[in-house]
Amino acid sequence: MSRAAIPVSPPLKDELDIVIPTIRNLDFLEMWRPFFQPYHLIIVQDGDPARSIRVPDGFDYELYNRNDVNRILGPRSSCISFKDSACRCFGFLVSKKKYIYTIDDDCFVAKDPSGKEINALAKHISNLLSPSTPLFFNTLYDPFREGADFVRGYPFSFREGVTTAISHGLWLNIPDYDAPTQLVKPLERNTRYVDAVMTVPKGTLYPMCGMNLAFNRELVGPAMYFGLMGDGQPIGRYDDMWAGWCSKVICDHLGWGVKTGLPYIWHSKASNPFVNLKKEYKGIYWQEEIIPFFQSAVLTKECTNVQECYIELSKQVKEKLGPIDPYFGKLAEAMVTWIEAWDELNPPKQAVSSTDVKPVKVQPASKSK
């Protein structure tokens with residue numbers, strides 16, 4: 001007599017939240033149902049809080065709008081961007097899980113070259129649960145994948161690797177281009193599926209995209225602040241990159257790793273390049289000074305946790321980028337406010353996954369199971 005199959009619980013089911021920023025009904029979740037339904041969703045509604053957002057039945061979710069942001073954070077709500085996908089970091093703030101996966105609502109399930117649907121979340125989890133190798137580049141990319149290993153000449157003292165803090169996924173179909181590139185390549189589509197994951201080397205920055213991203217919230221959560229963007233700000237579409245530059249400098253300092261490559265999602269539509277150009281044009285100019293700033297940023301040995309690192313980085317932003325434009329002084333202040341909000345909603349014992357310590361009580365606008 002054969003035994004009935006024992007159901008396999010999805011990986012990290014009770015340790016991971018999915019954060020989705022949106023301004024529309026979340027019909028895209030139907031495609032993701034086989035992969036997302038077991039997990040808890042945190043939906044951050046941007047724009048008009050009076051507008052009703054429909055979520056498909058059967059998902060366990062919390063929905064927050066701007067009224068909730070203002071109620072929960074009070075005066076500190078000024079650090080959360082409005083009318084920009086940077087609002088997603090509010091979801092990181094109120095989550096109490098160890099891991100976060102965040103995805104945009106125009107991203108669908110992609111297929112690998114064999115035609116099989118890609119469970120992007122499962123691959124991100126695999127990335128986060130395996131070590132990174134930022135200290136020495138392995139020419140077979142991720143040596144912890146099945147069928148790969150460290151190549152000849154790779155120092156044995158580095159082979160244990162370091163904890164992976166961030167898993168950065170990619171996209172098929174619509175590439176993540178800036179407005180000038182969109183304008184000169186309006187019909188370009190990414191059809192290349194590269195079956196590889198690699199660690200971003202220590203000391204190297206990368207342009208982080210927030211539409212297909214996972215991270216260890218317990219480790220690096222306070223550094224995943226998407227800045228001041230959108231309504232009332234002189235810049236947009238640099239929110240995820242700002243978080244990527246800050247978090248990479250901090251990961252390098254604290255000895256953690258960042259992986260990029262698999263998994264892919266299907267990015268379904270291109271945003272308007274002329275609208276994007278209006279949002280980006282100052283950033284395109286400023287980044288020529290922002291990047292050297294982050295490349296040369298050094299955190300002191302007294303900075304032993306993410307909050308201390310982030311506060312130190314905010315001081316350097318104010319001192320060295322502030323002369324470029326008053327915006328950076330305002331951004332530096334918002335970085336401090338963000339850490340204050342993080343510490344208020346995430347007491348230290350909660351940050352180490354204690355199940356006995358209750359965080360500040362947060363009631364969402366609506367909740368469904």
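Source: prediction; values computed, not measured.
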**Study point:** Single-linkage hydrophobic cluster M198~V151, side-chain heavy atoms < 4.5 angstrom
**Key:** no

**Study point:** Within one Ile-Leu-Val-Met-Phe-Trp-Tyr cluster: Y281 and V275, side-chain cutoff 4.5 Å
**Key:** no

**Study point:** Whether Y238 and W245 hold their rings parallel, tilted or perpendicular, with breakpoints at 30° and 60°
**Key:** tilted

Exercise for review: Measure up the F136 and Y154 rings against each other and bin them: parallel (under 30°), tilted (30 to 60°), perpendicular (over 60°).
Suggested key: perpendicular

Practice item. Evaluate whether atom NZ of K318 has more than 12 neighbouring non-hydrogen atoms of other residues, nucleotides or ligands under 6.0 angstrom away. Key: no

Point to revise | Neighbour count >12 (heavy atoms, 6.0 Å) for atom CZ, F36 | key: yes

Go through the side-chain N and O atoms of [X] and [Y] and say whether any donor and acceptor fall under 3.5 Å apart.
X: D106; Y: H267; answer: yes
X: N138; Y: T133; answer: no
X: T164; Y: N127; answer: no
X: T337; Y: R76; answer: no
X: N346; Y: K96; answer: yes
X: Y264; Y: N190; answer: no
X: K259; Y: S130; answer: yes

Between [X] and [Y], is the ring centroid distance below 6.0 Å?
X: Y64; Y: F90; result: yes
X: H40; Y: Y61; result: no
X: F328; Y: W286; result: yes
X: F215; Y: F92; result: yes

Any chance you could measure [X], atom [atom1], to [Y], atom [atom2], to the nearest 0.5 Å?
X: L29; Y: R54; atom1: CG; atom2: CZ; result: 10.0 Å
X: C309; Y: I250; atom1: SG; atom2: CD1; result: 5.0 Å
X: Y39; Y: K13; atom1: OH; atom2: NZ; result: 9.0 Å

Review point. Shortest non-hydrogen contact from M31 to F108?
Key: SD-CB, 3.2 Å

**Study point:** Criterion ring-ring contact (aromatic ring centres under 6.0 Å, His included) against W242, the qualifying member of F294, W338, F226
**Key:** F294

Do [X] and [Y] have side chains that get closer than 4.5 Å, going by heavy atoms?
X: D231; Y: S81; result: no
X: Q295; Y: V249; result: no
X: T199; Y: F137; result: no

Exercise for review: Quick one: do I103 and N212 satisfy side-chain contact (heavy atoms from CB on, under 4.5 Å)? Show the steps, please.
Suggested key: CA-CA 5 Å; I103 186 172; N212 177 26; 5.5 Å; no

**Study point:** Audit row: L16, L121, side-chain contact (heavy atoms from CB on, under 4.5 Å) steps and yes/no
**Key:** CA-CA 10 Å; L16 183 144; L121 179 55; 3.9 Å; yes

Point to revise | With W256 via ring pair (Phe, Tyr, Trp, His ring centres under 6.0 Å) - residues at least two apart | key: none

**Study point:** Basic-acidic side-chain contact under 4.0 Å: K111, E117
**Key:** no

